[in-house]
Amino acid sequence: MILLDEAEQVLTIDAKGVYYRELNARLRDAVENGVKKVVLNNITGQRYLGTDLPGEVELEVHGTPGNDLGAFMNGPTVTIHGNLQDGCGNTMNAGTIVAHGRAGDALGYAMRGGKIFVRDDVGYRVGIHMKQYEGKVPAIVVGGTAQPFLGEYMAGGVLVVLGMGLQEGERHRANFIGTGMHNGVIFLRGSVEQHQLGKEVGVREPDEADWQLLRSLVGEFAGHFGFATEELLRGRFLKLLPLSLRPYGRLYAY
Amino acid sequence: MESTRNRNNPYGDDKVIAACCLFGMLDTTGKRIGGRDSIEAIANMHDRGNGLGGGFAIYGLYPDWPDHYAFHVMYTSQAGRKEVEATLRSNFHVAHGEEVPTRQAAVSNPPTVWRYFLQPEERALIGQSADDYVVERVMEINTGHRDAFVFSSGKNMGVFKGVGYPEDVADFFKLDDYRAYLWTAHGRFPTNTQAWWGGAHPFSILDWTVVHNGEISSYGINRRYLEMYGYHCTMHTDTEVIAYAVDLLARRHNLPLNLVCKVLSAPLWADIDRMEGEEQDLYRTLRQVYGSLLLNGPFTIIIAHQNEMIGLTDRIRLRPLTAATKGDVLFLSSEEAAIRLVSPELDKVWTPLGGEPVVGRVKSEAAVVAPTGQVLVA
């Protein structure tokens with residue numbers, strides 16, 4: 001069933017039982033015909049939502065979208081009222097993903113631009129091989145905590161993990177944080193022990209420029225989910241960054 | 001042999017989503033539920049498989065025969081059936097035998113499938129448990145008969161599997177007609193070995209079953225170790241070793257299931273080094289004694305047996321697993337969407353850490369062994 005509100009250019013689709021290829025084809029057609037916003041109801045596992053839509057379009061997703069939502073995405077804003085599965089934001093280039101829930105593994109895999117905000121916890125290998133080039137600096141902000149291999153092989157961009165939901169004095173459980181990391185930065189609110197960090201990772205206190213960046217990203221995060229920015233900025237942030245730009249430069253050279 | 005091209009790639013492009021899919025649901029009250037939810041859930045992950053294998057393990061299935069070993073046997077020839085039936089008659093008291101009901105469905109080259117309800121002849125058990133006796137006979141049949149495979153041998157449970165998408169395999173075996181308190185399901189994307197009926201998941205011995213997404217690169221070591229204990233791998237699929245490893249560890253060596261999981265998915269040495277005292281001794285000992293049963297490579301598995309369902313991944317979780325609860329029901333799935341499809345509202349949904357098992361248990365054993373098929377409440 002398709003409902004189109006002509007004045008607002010809003011399209012509503014009941015996606016129950018609709019195969020992902022058909023659904024994505026419908027989205028492409030709608031956007032080509034001038035639709036500015038699509039509301040997707042009853043989403044259950046359809047993959048690649050938002051993947052190949054141009055520019056300014058907005059998607060509002062109700063349900064549990066399938067893997068690789070926003071893969072290669074180049075501009076749209078996708079808001080999910082539900083949880084994300086694996087591989088979302090894979091190689092995303094521009095746009096915004098806002099998840100009112102949690103996310104699975106490999107969120108923002110090789111992401112090269114745009115922003116992802118996840119209200120709750122995230123899975124393994126979040127931000128794996130994120131990268132950046134000149135003005136394109138991708139960012140992921142996670143409200144809860146992350147599972148192991150956060151920022152693995154990270155080559156650029158910004159990861160912020162706010163640790164909401166951890167008890168007073170409880171540390172993040174992720175280990176292998178930043179394993180193979182050689183550029184970019186992770187800001188972690190809360191504590192970890194040294195053995196939880198990859199060998200390539202150093203710990204610093206955020207400086208004034210870092211706080212400015214944090215205020216901006218955390219402010220945007222708070223705005224999406226209705227939190228108070230100042231509360232989220234309270235507490236200790238660790239700045240994790242690679243000690244070397246070429247951690248394996250000498251591995252194969254004698 | 002039938003071309004698999006259209007199954008692999010019906011859209012004529014090069015898009016192949018390579019993965020397997022797993023699903024499991026356990027009603028911890030022991031209440032027997034129909035197959036529709038499990039079939040719909042695994043079908044929702046259709047694209048993870050490629051039509052080259054699908055299967056189900058179902059517990060609480062044969063309440064009329066709760067104390068008989070239920071053998072499911074695939075035959076590719078009439079002669080194979082005659083031979084194996086003669087073997088069964090000479091080794092067991094065969095209480096009942098019948099062809100498993102099937103219907104026309106989109107499966108490839110189905111064999112003939114029979115089931116038998118058996119008890120070992122008392123006099124045949126010479127200082128041996130009935131379970132051990134059954135394992136030996138299964139190994140004998142599977143290594144000794146070319147045209148026959150025993151693919152299910154537990155009590156009050158059964159495995160149904162074949163070449164096709166899982167929803168088509170369910171259709172073929174009319175699984176919507178069955179009721180059970182525990183269902184596990186698998187859709188296959190074979191990576192290293194050919195697709196054939198015996199090679200589909202679940203793999204089982206006695207009432208242990210395993211469905212698996214991933215690749216066991218330690219298969220050779222695991223298989224050779226298990227051969228020392230009389231387990232012979234005949235199904236040409238790596239997952240087979242897991243079923244036998246669990247039988248060896250849990251049933252014959254009496255390890256609690258959480259420790260079985262710690263053998264298969266052992267803590268890293270670095271983690272063991274940070275443990276203290278008895279805990280450190282325990283995990284060090286487990287790795288030393290059972291090093292040959294460590295599963296290397298990426299995996300998510302759902303292990304099931306009478307009254308229990310366990311989800312487990314490799315130590316660094318290279319394959320997905322989502323767990324959820326709703327009321328008395330535990331769900332395990334490769335993807336959360338499959339769970340939400342059959343239970344939109346959940347009490348709890350989470351992703352377990354690598355190597356940390358999720359264990360669901362029926363609250364009252366009595367609930368599932370009532371011979372009348374009635375559910376007894378704890």
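Letters A, B, ... mirror the listed sequences (proteins, then strands); counts begin at 1.
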Donor-acceptor contact below 3.5 Å, side chain B:T285 vs main chain B:D281: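 Yes: the side chain of B:T285 pairs with the backbone of B:D281.
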Does the pair [X]/[Y] count as a salt bridge with the N-to-O cut at 4.0 Å?
X	Y	answer
A:R47	B:E335	yes
A:R26	A:E22	yes
B:E336	A:R102	yes
B:R274	A:E193	no

Measure centre to centre between the rings of [X] and [Y], then say whether the value is under 6.0 Å.
X	Y	result
A:F225	A:H100	yes
A:H224	A:F117	yes
B:F160	B:F56	no

Region of A:N42 in contact with chain B, defined by heavy-atom distances below 4.5 Å: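 For A:N42, there is no contact with chain B at all, as no heavy atom is under 4.5 Å.
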Chain A neighbours within residues 318-328 of chain B, where any heavy atom lies under 4.5 Å away: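 Contacts with chain A: B:L318, B:P320, B:T322.
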Residues 342-355 of chain B: residues contacting chain A (heavy atom under 4.5 Å, by number):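 Those residues of residues 342-355 of chain B which have a heavy atom under 4.5 Å from chain A are B:V349, B:W350, B:T351, B:P352, B:L353, B:G354.
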Residues in side chain to side chain contact (heavy atoms under 4.5 Å, CB included) contact with A:P65, at least two apart in sequence or another chain: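 Result, side chain to side chain contact (heavy atoms under 4.5 Å, CB included) vs A:P65: A:I43, A:L49, A:V61, A:L69, A:I80, A:L84.
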Selection from A:N67, A:N83, A:D121 maximising heavy-atom pairs under 4.5 Å formed with chain B: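 Option with the top pair count is A:N83.
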Among A:K16, A:Q46, A:R173, A:Q85, residue most engaged with chain B (heavy-atom pairs, under 4.5 Å):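 Greatest number of close heavy-atom pairs with chain B: A:Q85.
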Of all pairs that satisfy side chain to side chain donor-acceptor pair (under 3.5 Å), the ones with a partner from residues 70-81 of chain A, not counting sequence neighbours: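 Found A:N74-A:N93.
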Smallest separation among heavy atoms of A:V192 and A:L197, with atom names: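 Shortest heavy-atom separation between A:V192 and A:L197 comes out as CG2-CD2, 3.9 Å.
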Portion of B:I339 that has a non-hydrogen atom of chain A nearer than 4.5 angstrom: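 Answer is neither: B:I339 stays 4.5 Å or more from chain A.
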